[in-house]
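I have a structure I would like to understand better, so I am pasting it below and will then ask my questions one at a time.
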Amino acid sequence: MKKIKAIGVLTSGGDAPGMNAAIRAVVRTAITNGIRVYGIKRGYNGLYHGDMFEMNLRSVSDIINRGGTILYTARSKEFNSPEGVLKAKEQCEKAGLDAIVCIGGDGTFRGALDLSRVGVPCVGIPGTIDNDIGCSEYTIGYDTAMNTAMEMIDKIRDTAQSHDRCSVIEVMGRRAGYIAVNTGIACGASAICIPEHPFSLEKDFLEKVRANQKTGKRHFIVLVAEGVGGVQQMAEEIEAKTGIETRATILGHVQRGGAPSLRDRVVASQMGYHAVKLLLDGKGGRIVAMQSEKIIDLDIEEALATKKTLDPALIDMNDEISI
Ligand code: F6P
């Protein structure tokens, strides 16, 4: 890889708390090491249209504590074609960008791979509340989103308890149940329903309700991952079969906002720093990841091919203690 003089940084896909802390680390590490940095707006969409601006040390002041992304984000259709990728490459040449740091999820990494293949070295940083990146134990935004969900579910529990009700709550996670499993455990959910694990309403919840009622339990929480969905229907079925008044709540995008937690700020800073150091060492086509609590990096193709599995023992444990 040729010596880097200028890099771009972008955020793409769903935003996640901590993305700003990662942008800050990228900008400051680059400038400290004599590299110019351009903020690319709205992910690959902005790259395709050449919508970028030069950043300085003060461009990232007072953002470490802010949710969302100051660079905005998008899911670009125009970039998603061989012509789109070549147009993005031309924009990099025009602006003098030698490499790009791409913060986001799987889709972002596929874009980074496409660009790396046409000669624009990219480094990806995992940023998504879903924690569904195979190669990394942790993704920026996950901790904050879970804590936000936990606070909201605690509030729902108060009212469910007062009314002797059952609450069926949907948390985010289109393809993955990480948020549902952990917030379910943290909030004492009677049942957790995720895409990765079979769920029978009768066996995994209704039987438990009948048994728990005998020991005096009068309110219940069921946590459902977005990828399973159907909370309203499930609530109606529970009410019809148990006679317990049941309400459905979809927490939705509240989980994606808010000030990042300490963990997200620290991991984002580490990952942003690591990404720029890789480029300084002449290494592109990499994804920064966390493995065994350490910040490491992998080849993008290898990273995209890596799958991770949710530990079903967590659900078994929850079944035994949430009674
Ligand atoms: O990828 C993060 C995520 O929040 C998913 O959990 C959710 O399914 C999706 O993004 C929602 O995307 P959008 O904001 O485009 O509706």
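Indexing begins at 1, ligand by ligand and atom by atom, following the structure's order.
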Review point. How close does the nearest protein non-hydrogen atom get to atom 3 (C) of ligand 1, and which residue and atom is it?
Key: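 Protein heavy atom at minimum distance: Arg256 NH1, 3.5 Å.
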**Study point:** Lys283, NZ: over 12 other non-hydrogen atoms inside 6.0 angstrom
**Key:**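 Result for NZ/Lys283: open.
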Practice item. Report the residue from Gln91, Arg42, Glu78 that forms a side chain to side chain donor-acceptor pair (under 3.5 Å) with His49. Key: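 Filter result, single survivor: Glu78.
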Point to revise | Over-ring placement of Lys41 relative to Tyr72, 6.0 Å and 45° cut-offs | key: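 Verdict for Tyr72: no cation-pi partner in Lys41.
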Practice item. Please confirm whether Arg175 comes under 4.0 Å of ligand 1, counting heavy atoms of the residue only. Key: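 Arg175 does not count as a contact of ligand 1 under the 4.0 Å cut-off.
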**Study point:** Sub-4.0 Å heavy-atom contact, Gly173 with ligand 1
**Key:**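 Under 4.0 Å: yes for Gly173.
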Review point. With a cut-off of under 6.0 Å to the ring centre and 45° to the axis, is Lys77 in cation-pi contact with Tyr44?
Key: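 Cation-pi check for Lys77 and Tyr44: fails.
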**Study point:** salt bridge (charged side-chain N to carboxylate O under 4.0 Å, His left out) between Glu151 and Arg157, worked out
**Key:** CA-CA 10 Å; Glu151 278 177 33; Arg157 168 189 280 273; over 6 Å; no
Review point. Considering only heavy atoms of Glu226, which atoms of ligand 1 have at least one such atom less than 4.0 Å away?
Key: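 So the answer, numbered in order with elements, is 5 (C), 6 (O), 7 (C), 8 (O).
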Review point. Which heavy atom of the protein is the closest neighbour of atom 9 (C) of ligand 1, given with residue, atom name and distance?
Key: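 Checking every protein heavy atom, the shortest distance to atom 9 (C) of ligand 1 gives Arg174 NH2, 3.6 Å.
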**Study point:** Shortest protein heavy-atom distance from atom 5 (C) of ligand 1, along with the residue and atom involved
**Key:**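 Atom 5 (C) of ligand 1 sits closest to the protein heavy atom Asp130 OD2, 3.3 Å.
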Review point. Under 4.0 Å from any heavy atom of His253, which atoms of ligand 1 are there?
Key: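 Reading through ligand 1 atom by atom, the close ones are 13 (P), 14 (O), 16 (O).
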Practice item. With heavy atoms under 4.0 Å as the rule, classify the contact between Arg75 and ligand 1 as side chain, backbone, both or neither. Key: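 Looking at Arg75 and ligand 1, just side chain atoms fall under 4.0 Å.
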Exercise for review: Please determine if Lys217 forms a cation-pi arrangement with Phe220, meaning its NZ or CZ atom is less than 6.0 Å from the six-membered ring centre and no more than 45° off the ring axis.
Suggested key: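 Geometry flag: set, cation within 6.0 Å and 45°.
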